[in-house]
Amino acid sequence: MKRLDLIFSERELDDVLSALEKAEVPGYTVMKHATGRGPERIITEDMEFTGFGSNAHVIIFCEQEVIDKIRENIKSVLSYYGGVAYVSEAIPL
């Protein structure tokens, strides 16, 4: 089993979730208002009244075949809007 972590601007959440639905993911977890520091050494903070500047973190557990479908559907969204995606091994307890 694989774990896919997607981190991107929260403004793009609907587009990312649409891409995941097209890839027929079995399920996912969304964490909004994620902040942190990227390679440009700028700490992202959201503006409470707009949400501008905050990120979303989506976690998906699935098989490699689904990862391949997700890659096809999410690549254009992430390349256009920005964001990161990482795949790792996941071993169920």
Side-chain angles (χ1 to χ4, degrees):
M1 178 167 284
K2 304 291 184 184
R3 173 182 167 150
L4 173 62
D5 287 90
L6 300 166
I7 301 171
F8 52 89
S9 173
E10 193 173 310
R11 293 173 294 177
E12 315 314 332
L13 183 59
D14 290 338
D15 289 334
V16 170
L17 295 181
S18 291
L20 296 178
E21 293 297 328
K22 287 179 187 174
E24 301 175 343
V25 298
Y28 49 80
T29 299
V30 176
M31 292 175 278
K32 294 182 179 181
H33 308 298
T35 63
R37 186 182 77 165
E40 67 281 344
R41 299 204 174 275
I42 296 172
I43 296 174
T44 60
E45 291 291 339
D46 66 335
M47 296 170 61
E48 288 185 29
F49 60 94
T50 64
F52 179 77
S54 62
N55 292 321
H57 182 187
V58 176
I59 302 171
I60 303 159
F61 293 96
C62 59
E63 299 302 326
Q64 182 62 49
E65 296 79 25
V66 178
I67 294 289
D68 295 337
K69 285 184 184 178
I70 293 170
R71 181 178 288 121
E72 293 172 19
N73 289 299
I74 204 75
K75 198 175 198 177
S76 63
V77 175
L78 291 181
S79 66
Y80 184 78
Y81 294 116
V84 296
Y86 291 96
V87 177
S88 57
E89 279 301 316
I91 301 169
L93 291 175

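A continuous path of hydrophobic side-chain contacts links Ile67 to Val16 [ILVMFWY only; heavy atoms under 4.5 Å]. One hydrophobic cluster holds both Phe61 and Met31 under the rule that ILVMFWY side chains link at heavy-atom gaps under 4.5 Å.
Residues that satisfy the side-chain contact (heavy atoms from CB on, under 4.5 Å) test with Tyr81, not counting sequence neighbours, are Glu12, Asp15, Val77. Residues passing the side-chain contact (heavy atoms from CB on, under 4.5 Å) test with Lys32, sequence neighbours excluded: Glu10, Leu13, Val30. Applying the side-chain contact (heavy atoms from CB on, under 4.5 Å) rule to Asp14 yields no partners; only residues at least two apart in sequence or on another chain are considered. For Glu89, the side-chain contact (heavy atoms from CB on, under 4.5 Å) partners at least two apart in sequence or on another chain are Lys2. Partners of Glu63 by side-chain hydrogen bond (donor to acceptor under 3.5 Å, both in side chains), not counting sequence neighbours: none found.
Atoms CG and CD1, on Leu78 and Ile7 in that order, are 11.0 Å from each other to the nearest 0.5 Å. Summarising the geometry, atom CZ belonging to Arg3 is positioned 12.0 Å from atom SG belonging to Cys62; distances are rounded to the nearest 0.5 Å. To the nearest 0.5 Å, atoms CD1 (Ile60) and CE (Met1) are separated by 12.0 Å.
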Residue pair Val66, Leu4: steps toward the side-chain contact (heavy atoms from CB on, under 4.5 Å) verdict: CA-CA 10 Å; Val66 178; Leu4 173 62; over 6 Å; no
With a 3.5 Å cut-off and sequence neighbours excluded, list the donor-acceptor pairs that the side chains of residues 19-29 form with protein atoms.
unit_1	atom_1	unit_2	atom_2	d
Glu21	OE2	Tyr28	OH	3.3
Glu24	OE1	Lys69	NZ	3.3

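The two residues Ala85 and Leu6 make their nearest non-hydrogen contact at CB-CD2, 3.3 Å.
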